[in-house]
K.L.:
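Sharing a structure below in structure tokens format, with a few things to ask.
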2 protein chains.
Amino acid sequence: MPSNPCLSPVDLNKLKTVCSGCSLRELCLPAGLDQEELAQVDRAVNRRQPVKRGDHLYPAGAPLHSLFAIRSGFMKSSVLNEDGREQVTGFHMMGDLLGLDAIGGGCHMSDTLALEDSELCELPFEQLEAHSRELPSLQQQLHRVMSREIVRDHGVMLLLGSMKAEERMAAFLLNLSQRFAARGYSPTEFVLRMTRGEIGSYLGLKLETVSRALSSFQDQGLIAVRQRHVRLLDLEGLRALLDPRR
Amino acid sequence: MPSNPCLSPVDLNKLKTVCSGCSLRELCLPAGLDQEELAQVDRAVNRRQPVKRGDHLYPAGAPLHSLFAIRSGFMKSSVLNEDGREQVTGFHMMGDLLGLDAIGGGCHMSDTLALEDSELCELPFEQLEAHSRELPSLQQQLHRVMSREIVRDHGVMLLLGSMKAEERMAAFLLNLSQRFAARGYSPTEFVLRMTRGEIGSYLGLKLETVSRALSSFQDQGLIAVRQRHVRLLDLEGLRALLDPRR
DNA sequence: CGCGCTGTTGAAACTTGTCAAAGTTTGTGG
DNA sequence: CCACAAACTTTGACAAGTTTCAACAGCGCG
């Protein structure tokens, strides 16, 4: 039976682990590639690297060997001041590509660690660059991913630079909601894998302020929070918080 | 005489306008390319596009045709909220590459306009992508430039998320100082091409707070400000403001 | 020469941070 | 499996920092 790949559990399992068989392929780096291109990319990917909660994917300063794509799980990235202040620069989930900040200087400029047990695909960067010279679609997709990271960062700058605490919190919840939805999960019910302090760091707020904002939303009937479990009860109401004129 | 390119004013002028003759080539996209590679890139660049103060290089939403490199002058980029709030996302000077945020979605996600009369090199993006498939050094340099933009944005996020007003202002002045120095200008004496309001938008502060921070620095003897002319009198003192422990 | 834009300064109001205490959950080791 | 410790969360009261509002000064352009 193992001669029939369709029936072999081993091969089935293998199939699931290549980009062409990956449910994330339209969210991840291979988006837009055709079958043959996918096959090429598959050869450049080391699949299924598990990381445990609390593990560093890489510490800040580590030399760049590979980019990583998240297959499952949840991670955070942060940068540190000289004087030890931490700024969380992003929370990452399935399909996100990590390590882009290391390309410029050859070493990782941020810490990235797993907030829950996760699985990653490793993409050796030199190979990726080489493949992207052969495959224009891959090249374009790599450019798009980097550009979108820049746009995302500008959005965070807007949030940090011009929004009040509750606006930031609403924007944060809506952003998570949208990202979960894009991955086929409920946009209204999810688990926050990070602490209040980490949310606060990302949003430029203290953890007490985050906690108060969540309590306030709950009092207003916009959400239901219990621990890290959140249910968004009134998406429109949350959106209205972002435009204080209305 | 025109047969001798070394003596012809026309040709001399032309020479100055190609990347290989450009004083910015080590700061700009061609950094790290050899003579032959430079010649290739030259063919993909439309040189010397002038823009006047107040002109939009492109408005937010414009389709991506080209990236732009600043040859001379000073520009700002900003994003707008739905409700009209502006967030300045960056100030740009000679050698900086503009438009990277448009690659992801095919149209510019930010407004960019000239704060003084400026000159730009236009780099049609399709050609640039094509050339970067042929020239690994160019490909790498493009990746590096995009990655550094991400790192820069993370630095701004750190600033916006965890620094107080005077720390932000000190960081801003020191950053400008360093960038002017890298371009061969005085690191201690320069003209701010932007208004207090624009600085404030970039730093997540109101213009009055910016003004007060500058006045306070002047009172402490750290700088001398008159209008938009700034002299940094005590770089170490400014740096000390960034690490409040000392 | 005056009008408008830009910048400065003061006082009051508001938002968020800080500190402190207590409650809750999670993880560990007995 | 329970007990205890550690980590995380919530809430209140107060302090600090920043914004808001307002008035005025300076510069630059027509």
Side-chain angles (χ1 to χ4, degrees), chain A residues 52-55 74 76 85-88 113-117 159-173 191-220 223-230 241 244-245, chain B residues 52-54 74 76 85-88 113 115-117 159-173 191-220 223-230 241 244-245:
Chain A
K52 289 202 297 278
R53 183 158 79 94
D55 278 359
F74 207 92
K76 77 161 180 182
R85 276 179 289 195
E86 182 193 40
Q87 171 73 32
V88 172
L113 67 78
L115 295 176
E116 63 179 347
D117 294 352
L159 179 147
L160 291 172
S162 69
M163 292 187 186
K164 295 203 189 304
E166 296 205 349
E167 298 175 296
R168 295 183 198 187
M169 197 66 219
F172 175 71
L173 292 173
V191 174
L192 302 171
R193 295 294 168 183
M194 68 298 277
T195 68
R196 303 291 192 259
E198 287 163 337
I199 297 172
S201 170
Y202 182 61
L203 298 178
L205 302 169
K206 294 297 166 185
L207 66 92
E208 292 94 333
T209 307
V210 171
S211 179
R212 277 187 250 267
L214 288 174
S215 299
S216 158
F217 288 174
Q218 179 148 247
D219 294 347
Q220 296 171 61
I223 68 174
V225 221
R226 259 183 56 85
Q227 299 302 123
R228 301 194 179 176
H229 184 110
V230 181
L241 286 179
R245 286 171 318 180
Chain B
K52 290 203 296 277
R53 183 159 79 94
F74 207 93
K76 77 160 181 182
R85 277 180 287 194
E86 182 192 39
Q87 172 73 32
V88 173
L113 69 77
L115 296 176
E116 63 179 346
D117 294 352
L159 180 147
L160 291 171
S162 70
M163 293 187 185
K164 296 203 190 308
E166 296 204 351
E167 298 174 300
R168 296 183 197 188
M169 197 67 219
F172 176 70
L173 292 173
V191 173
L192 302 171
R193 295 293 167 185
M194 68 299 276
T195 68
R196 303 290 192 260
E198 287 164 336
I199 298 173
S201 171
Y202 183 61
L203 298 179
L205 302 170
K206 296 298 168 186
L207 66 90
E208 294 94 331
T209 309
V210 170
S211 179
R212 277 186 249 267
L214 288 173
S215 299
S216 158
F217 288 175
Q218 179 148 248
D219 294 347
Q220 295 172 60
I223 68 174
V225 221
R226 260 181 56 87
Q227 300 300 123
R228 300 193 179 179
H229 184 108
V230 180
L241 286 178
R245 287 170 318 178

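Proteins come first, then strands; the chains are lettered A, B, ... in the order of their sequence lines, and each starts at number 1.
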K.L.:
NZ of B:K164 versus P of C:dT16: gap in Å, rounded?
P.N.:
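My rounded result for the distance is 14 Å.
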K.L.:
Between C:dT15, C:dT6, D:dT18, which one does the side chain of B:T195 approach most closely?
P.N.:
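My answer, after comparing the listed nucleotides, is C:dT6.
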K.L.:
Could you state the CZ-C1' distance from B:R193 to C:dT6, rounded to the nearest angstrom?
P.N.:
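After rounding, the reported distance stands at 16 Å.
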K.L.:
Using atom CZ of B:R228 as one end and atom P of D:dC27 as the other, report the distance to the nearest whole Å.
P.N.:
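So the CZ-P distance, B:R228 to D:dC27, works out to 13 Å.
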K.L.:
Between D:dT18, D:dT11, C:dT16, which nucleotide gets closest to the side-chain atoms of A:A165?
P.N.:
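Of the options given, the side chain of A:A165 lies nearest C:dT16.
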K.L.:
One character per nucleotide, please: for nucleotides 24-29 of chain C, 5' to 3', B when the base has a protein heavy atom closer than 4.0 Å, S when only the sugar-phosphate does, - otherwise.
P.N.:
-S-S--
K.L.:
List the atom of A:A171, the atom of A:M163, and the distance in Å for their closest heavy-atom pair.
P.N.:
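Smallest heavy-atom distance, with atoms named: CB-SD, 4.4 Å.
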K.L.:
Could you measure the distance from the CG atom of A:L205 to the OG atom of A:S211? Nearest 0.5 Å is fine.
P.N.:
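The CG atom of A:L205 sits 12.0 Å away from the OG atom of A:S211.
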K.L.:
At their closest point, which heavy atom of B:R196 faces which heavy atom of B:L214, and how far apart are they?
P.N.:
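Here B:R196 and B:L214 meet closest at NE-CD1, 3.5 Å.
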K.L.:
Rounded to the Å, how far apart are B:M169 CE and D:dG17 P?
P.N.:
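Value for this atom pair: 18 Å.
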K.L.:
Mind running a 4.0 Å heavy-atom check of residues 200-209 of chain A against DNA chain D and sending the residues that fall below it, in number order?
P.N.:
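The stretch gives A:L207, A:E208 as the residues lying under 4.0 Å from the strand, ordered by number.
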K.L.:
If you assign each of B:M163 and A:L214 to its closest nucleotide in DNA chain D, which residue comes earlier from the 5' end?
P.N.:
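Closest to the 5' end, via its nearest nucleotide, is A:L214.
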K.L.:
Rounding to an integer number of Å, can you tell me how far A:I199 CD1 sits from C:dT16 P?
P.N.:
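One finds 16 Å between P of C:dT16 and CD1 of A:I199, rounded.
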K.L.:
Taking only N and O in the side chain of B:S215, is any of them less than 4.0 Å away from OP1 or OP2 of C:dT9?
P.N.:
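Checking B:S215 against C:dT9: at least one side-chain N or O falls below 4.0 Å of OP1 or OP2.
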K.L.:
Taking all atoms of both residues into account, what is the closest heavy-atom pair of A:L160 and A:R168, and its distance?
P.N.:
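Closest approach of A:L160 to A:R168, heavy atoms only: O-NH2, 3.1 Å.
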K.L.:
How about A:F217 and A:E166: do any of their side-chain heavy atoms sit closer than 4.5 Å?
P.N.:
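Yes, side chains in contact.
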K.L.:
Donor-acceptor pair, distance only, cut-off 3.5 Å: does the side chain of A:R85 make one with the backbone of B:S162?
P.N.:
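Looks like yes, one N/O pair under 3.5 Å.
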K.L.:
In whole angstrom, give the distance that lies between atom CD of A:E167 and atom C1' of D:dT19.
P.N.:
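One finds 14 Å between C1' of D:dT19 and CD of A:E167, rounded.
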K.L.:
For the pair B:L207 and B:T195, evaluate side chain to side chain contact (heavy atoms under 4.5 Å, CB included) and give the outcome as yes or no after the intermediate values.
P.N.:
CA-CA 9 Å; B:L207 66 90; B:T195 68; over 6 Å; no
K.L.:
Which atom pair, heavy atoms only, marks the closest approach of A:A114 to A:K52?
P.N.:
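For A:A114 and A:K52, the tightest heavy-atom pair comes out as CB-O, 3.6 Å.
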K.L.:
Contact class for B:R168 vs. all strands (heavy atom < 4.0 Å): base, sugar-phosphate, or nothing?
P.N.:
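It contacts nothing in the nucleic acid.
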K.L.:
Could you report the tightest heavy-atom contact between A:T209 and A:A165, atom names first, then the distance?
P.N.:
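Taking every non-hydrogen atom into account, CG2-CB, 3.7 Å.
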K.L.:
Look at the side chain of B:R212 and decide which nucleotide, out of C:dG17, C:dA11, C:dT16, has an atom nearest to it.
P.N.:
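Comparing C:dG17, C:dA11, C:dT16 against the side chain of B:R212, the answer is C:dA11.
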K.L.:
Round to a whole Å and report the spacing from CG of A:L241 to C1' of C:dT15.
P.N.:
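In whole Å, C:dT15 C1' lies 16 Å from A:L241 CG.
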